[in-house]
Amino acid sequence: MMIKSIWIDNFKSLVDFRLEFAKFSCLVGLNGSGKSTVLQAIDFLSQLMRGDIDEWLKYRQWDSADINSKLTSKSNIDFEVVLEVGAFGDVTWSGSFNRTTMRCTQETIKIGQNQALRVEDGECRIDKVMRIPEGSVKIVISPLKFPIVFEYQGSILSQLKDKQTNPTLQLFKKNILGIQSFDLLSPELLRSKTMLSDGKLGLGGEKLSSFVHESGSEGKVELQQQLSKIYSQLEGIETRTTVSGLTELEIIERFGDQKLKSPARHINDGMLRLMAILSQIKSGSPFLLFDEIENGINPELIEFLIDQLVNAPAQVLVTTHSPMILNYLEDEVAKQGVIYLYKNSQGMTRSVKLFDIPSMAKKLQFMGPGEAFVDTDLTRLYQEVETLKA
């Protein structure tokens, strides 16, 4: 699965906003340009499929009025997500989220040009999709059609059982649910003692200890072996359960002939953050989102981190303020994946591939991506982009 693009209208500064993704994408731009907002919007789309928008808003300490844009008079949040899903090709999910009812009052999923699901006027229609021997997709003219008489939040797929849908919709739902955002990672939360993780690290990394614990002995050894490439003194990662049922993370380090065991509260911020990132890469999630990826990481470790992210099996989206991140990207990866965000004169966030901008493409001919980034005045770059669009 790969998310090819999103379009969202009326989410904070994202008004008629479109973004195309590579396998590894990196958002750059000035403070306030909308980088974190993009991650929040993608997480919001994933939460529509989970069906508990109230809990999501509560966790972020928001209410429904905080997510719509103040730049328009609209109330609904409209969206479109295009995914490439295996042999089925492109699957397009579009809808309109009503902040009063907390549900998508309009919703459509298309497989290619064929409609697989439609919600409109209080009614849901699902077309059965079958695979034929040649591997193409065929729509059977015997749709499931029913009035919506039950309460739910977000997407109607959050409430429908598998037997009510079809294999393509089930795969699509699984992949949207697999989007994992970590835009609130913090050392304090990473040090938390927690109960069961339920296979989730948490937006802030608060379930790290139980997440590592549930990976088992093999998972802990694999994590230790990866980290020991940059922390040579690291000999082991352990977890223990307290009498109250909470799980605590510990590390074992060797200094000469002495072994030291340290609980999470004494582990340095960078190691904790790398533990969280590496653990999540191995989790099987199809799409990972990290805000300000360089935070808490020593410059000497950035190359290791970027290598892990670029070569991860998952699709990855990060934001950064650091040219060091770009320094360790191959030119082709940078051309496809580094995206410049800026706000236009109306305050709306806009995106463009950084090295599609003529002045940046010219610099890349004789500079590395990071050097070109350092050599650029971002406060003026948007003017070149807007001039080209005029």
Side-chain angles (χ1 to χ4, degrees), residues 3 6 8 11-14 17 19-47 56-57 59-62 66-67 178-192 200-208 211 269-281 283 285-299 301-302 304-306 308-310 312 314-329 333-334 337-343 349-351 354 370 373 378:
I3 295 183
I6 64 164
I8 192 161
F11 185 95
K12 300 176 80 171
S13 67
L14 307 183
F17 174 81
L19 182 62
E20 296 182 355
F21 299 99
K23 182 178 179 295
F24 174 85
S25 301
C26 177
L27 304 181
V28 299
L30 294 171
N31 288 333
S33 59
K35 298 186 297 297
S36 296
T37 300
V38 169
L39 269 60
Q40 293 162 4
I42 298 171
D43 190 39
F44 166 72
L45 295 173
S46 179
Q47 296 303 318
W56 183 76
L57 291 171
Y59 185 94
R60 290 183 175 270
Q61 300 181 28
W62 294 348
D66 292 324
I67 59 175
I179 295 172
Q180 299 291 328
S181 179
F182 306 100
D183 55 297
L184 299 177
L185 276 185
S186 75
E188 294 78 13
L189 292 174
L190 288 167
R191 292 186 171 92
S192 301
K200 298 171 187 171
L201 195 62
L203 277 172
E206 64 274 9
K207 296 182 179 180
L208 176 63
F211 190 84
D269 294 358
M271 184 183 287
L272 281 171
R273 191 171 175 87
L274 283 169
M275 275 189 190
I277 294 169
L278 294 175
S279 296
Q280 198 59 54
I281 286 174
S283 70
S285 297
F287 196 3
L288 304 176
L289 315 175
F290 297 102
D291 201 15
E292 298 186 4
I293 192 64
E294 72 277 8
N295 276 3
I297 309 294
N298 288 340
L301 307 182
I302 292 295
F304 170 81
L305 172 62
I306 294 305
Q308 297 297 313
L309 292 171
V310 170
Q315 191 174 6
V316 174
L317 173 66
V318 304
T319 73
T320 187
H321 291 286
S322 173
M324 290 193 68
I325 301 299
L326 276 62
N327 273 340
Y328 295 113
L329 297 178
V333 173
V338 180
I339 301 161
Y340 170 56
L341 297 189
Y342 67 96
K343 284 186 176 175
T349 295
R350 292 292 179 259
S351 74
L354 182 66
F373 186 58
L378 294 183

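Looking only at distances, a side-chain donor or acceptor of E294 sits under 3.5 Å from a matching main-chain atom of H321. Between the side chain of S46 and the backbone N or O of D43 there is no donor-acceptor pair closer than 3.5 Å. Not a single donor-acceptor pair under 3.5 Å links the side chain of K23 to the backbone N or O of G337.
Within the structure, no pair that satisfies the salt bridge (charged side-chain N to carboxylate O under 4.0 Å, His left out) test touches residues 316-327, not counting sequence neighbours. Applying the salt bridge (charged side-chain N to carboxylate O under 4.0 Å, His left out) rule to pairs touching residues 179-189 yields R60-D183, sequence neighbours excluded. Within the structure, side-chain hydrogen bond (donor to acceptor under 3.5 Å, both in side chains) pairs that include any residue of residues 32-42 comprise K12-Q40, S36-D291 (at least two apart or interchain).
If you run side chain to side chain contact (heavy atoms under 4.5 Å, CB included) between V28 and each of T319, V338, L378, I339, only V338 comes through.
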Given F24 and V318, is the side-chain contact (heavy atoms from CB on, under 4.5 Å) satisfied, shown in steps? CA-CA 8 Å; F24 174 85; V318 304; 4.0 Å; yes

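A314 meets the side chain to side chain contact (heavy atoms under 4.5 Å, CB included) test with L288; sequence neighbours excluded. Judged as a side-chain hydrogen bond (donor to acceptor under 3.5 Å, both in side chains), and not counting sequence neighbours, the contacts of D269 are R191. Evaluation of the ring-ring contact (aromatic ring centres under 6.0 Å, His included) rule for Y328 yields no partner, not counting sequence neighbours.
By the 30° and 60° cut-offs, the orientation of the rings of F44 relative to F11 is tilted.
Within a 6.0 Å sphere centred on CD of E292, other residues, nucleotides and ligands contribute more than 12 heavy atoms.
The shortest heavy-atom contact between S351 and L341 is CB-CD2, 3.4 Å.
Counting only N and O atoms by type, the side chains of T320 and S322 include no donor and acceptor under 3.5 Å apart.
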